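Heads up, the thing below is written out as structure tokens.
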2 protein chains.
Amino acid sequence: MLVNEAKSFRELCRENGIAVTHQRQVLYEVMKTMHGHPSPEEVYAQVKKRVPAISLATVYKNIHLFVESGVFREVSMHHGSLRVEMNDESHHHMVCSKCKAITDIGEKELGLVSKQDRLPSGFLVERYAVDVIGICAKCQQA
Amino acid sequence: MLVNEAKSFRELCRENGIAVTHQRQVLYEVMKTMHGHPSPEEVYAQVKKRVPAISLATVYKNIHLFVESGVFREVSMHHGSLRVEMNDESHHHMVCSKCKAITDIGEKELGLVSKQDRLPSGFLVERYAVDVIGICAKCQQA
DNA sequence: ATGCCTGCAAATATTTTGCAACTGC
DNA sequence: GCAGTTGCAAAATATTTGCAGGCAT
């Protein structure tokens with residue numbers, strides 16, 4: 001397991017022409033295991049447990065690097081700071097307009113999405129990111 | 001014209017129980033005329049032309065107020081700071097992953113969107129916000 | 001050996017807050 | 001007049017950058 005993960009991370013780095021450092025490896029592993037949409041500060045707090053000397057600047061630099069490389073994605077901010085998520089499966093978000101909670105929803109459950117790969121102005125489509133804005137079950141009761 | 005706009009702004013304020021101040025009125029009018037997805041700083045710069053003494057803090061406070069009231073909407077941030085847009089017509093965004101340019105696209109041209117008003121977990125849908133991520137025509141040539 | 005990376009500290013940028021004076025209702 | 005609003009300045013947050021030393025390749 002660990003061997004595989006390490007290996008694929010090495011490959012990822014090679015593909016993107018970046019060096020495999022201890023900090024990067026831990027950062028990557030930690031982020032893979034984090035659910036939701038962590039902010040850099042939250043990621044930093046987690047990584048610090050394993051690499052106490054790591055700097056917040058390093059976390060920022062590498063998150064940007066990962067986002068540029070397509071390893072992770074930047075996510076819409078109905079919060080207040082940079083958020084990321086992993087590239088895993090294709091899913092979208094339900095955002096509660098009362099409590100601001102963000103919940104994932106799969107492409108199937110969402111039930112929409114056509115597949116044009118080109119839009120009017122010649123825009124080449126890579127993917128769709130859908131935010132469903134509404135009221136979550138919990139807030140409806142209040 | 002001006003009378004009408006002023007009137008509807010007054011109504012908007014009454015509906016939301018907020019006072020009609022000169023600053024707010026100008027802020028509202030300026031934002032209505034701004035295209036794209038202005039940041040608070042950009043809005044501030046514009047409003048300052050008409051109300052030189054206005055403070056950035058006031059701009060922030062009122063943008064939040066407008067967003068809470070549903071006059072404007074907060075927009076996903078593939079930029080770096082708070083962005084808003086007006087509630088006018090139903091449209092979505094095409095975001096170029098190269099140059100980060102955001103272009104509006106109408107609901108019709110987009111060609112997707114189903115109309116379920118309730119999703120699996122009991123989530124009550126208010127609206128969909130779709131970002132199409134891809135490459136704009138300009139960047140495809142490079 | 002070389003150039004990419006790191007940590008640190010300082011610089012920037014962004015957003016919020018406290019408060020006294022002022023204004024709409 | 002009272003409550004809500006403004007401007008200012010300072011604080012709090014968030015993010016970026018320069019640089020000297022260290023590590024991956």
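Note that this is a predicted model, so its numbers are computed, not measured. Per chain, numbering begins at 1; letters A, B, ... match sequence-line order. Only heavy atoms go into these numbers, but all of them, side chains included; no hydrogens, no water, no symmetry mates.
Judged purely by atom type and a 3.5 angstrom limit, A:Q46 has no side-chain atom pairing as donor or acceptor with the backbone of A:M31. A distance-only check finds no donor-acceptor pair linking the side chain of B:E29 to the backbone of B:V26 [under 3.5 Å]. When atom types are taken as modelled, the side chain of B:S69 and the backbone of B:V71 share no donor-acceptor pair closer than 3.5 angstrom.
Between B:Y44 atom OH and C:dT16 atom C1' the separation is 16 Å, expressed in whole Å. Between A:I18 atom CD1 and D:dT25 atom C1' there is a gap of 14 Å when expressed in whole angstrom units. Remark: P of D:dA9 and NZ of B:K61 are 14 Å apart, rounded to the nearest angstrom. Here D:dA24 presents its C1' atom at 17 Å from CG of A:N16, a figure rounded to the nearest Å. A:L56 has its CG atom 11 Å from the P atom of C:dG7, to the nearest Å. Distance, A:E41 CD to D:dT16 P: 13 Å, rounded to whole Å. The NE2-P distance, from B:H64 to D:dT6, rounds to 14 Å in whole Å. Between the CG atom of A:L65 and the P atom of C:dC5 there is a distance of 7 Å, rounded to whole Å.
Nearest nucleotide to the side chain of B:T21, out of D:dT16, D:dC8, D:dT5: D:dT5.
Backbone-only engagement by A:I54 is indicated by non-hydrogen atom pairs under 4.0 Å involving sugar-phosphate atoms exclusively. Note on A:A19: only backbone sugar-phosphate atoms sit closer than 4.0 angstrom, heavy atoms only; bases stay farther off.
Residue A:T58 places no side-chain N or O under 4.0 Å from the OP1 or OP2 atom of C:dT6. For D:dG7, one of the phosphate oxygens OP1 or OP2 lies less than 4.0 angstrom from a side-chain nitrogen or oxygen of B:Q23. Contact annotation: A:Y60 side-chain N/O to D:dT16 OP1/OP2 distance is not under 4.0 Å. Taking side-chain N and O atoms only, A:R24 has a distance below 4.0 Å to OP1 or OP2 of C:dT6.
Closest approach of A:I105 and A:E109 over heavy atoms only: CG1-CB, 3.7 Å.
When the shell of 6.0 Å around CZ of A:R50 is examined, it contains more than 12 heavy atoms from other residues, nucleotides or ligands.
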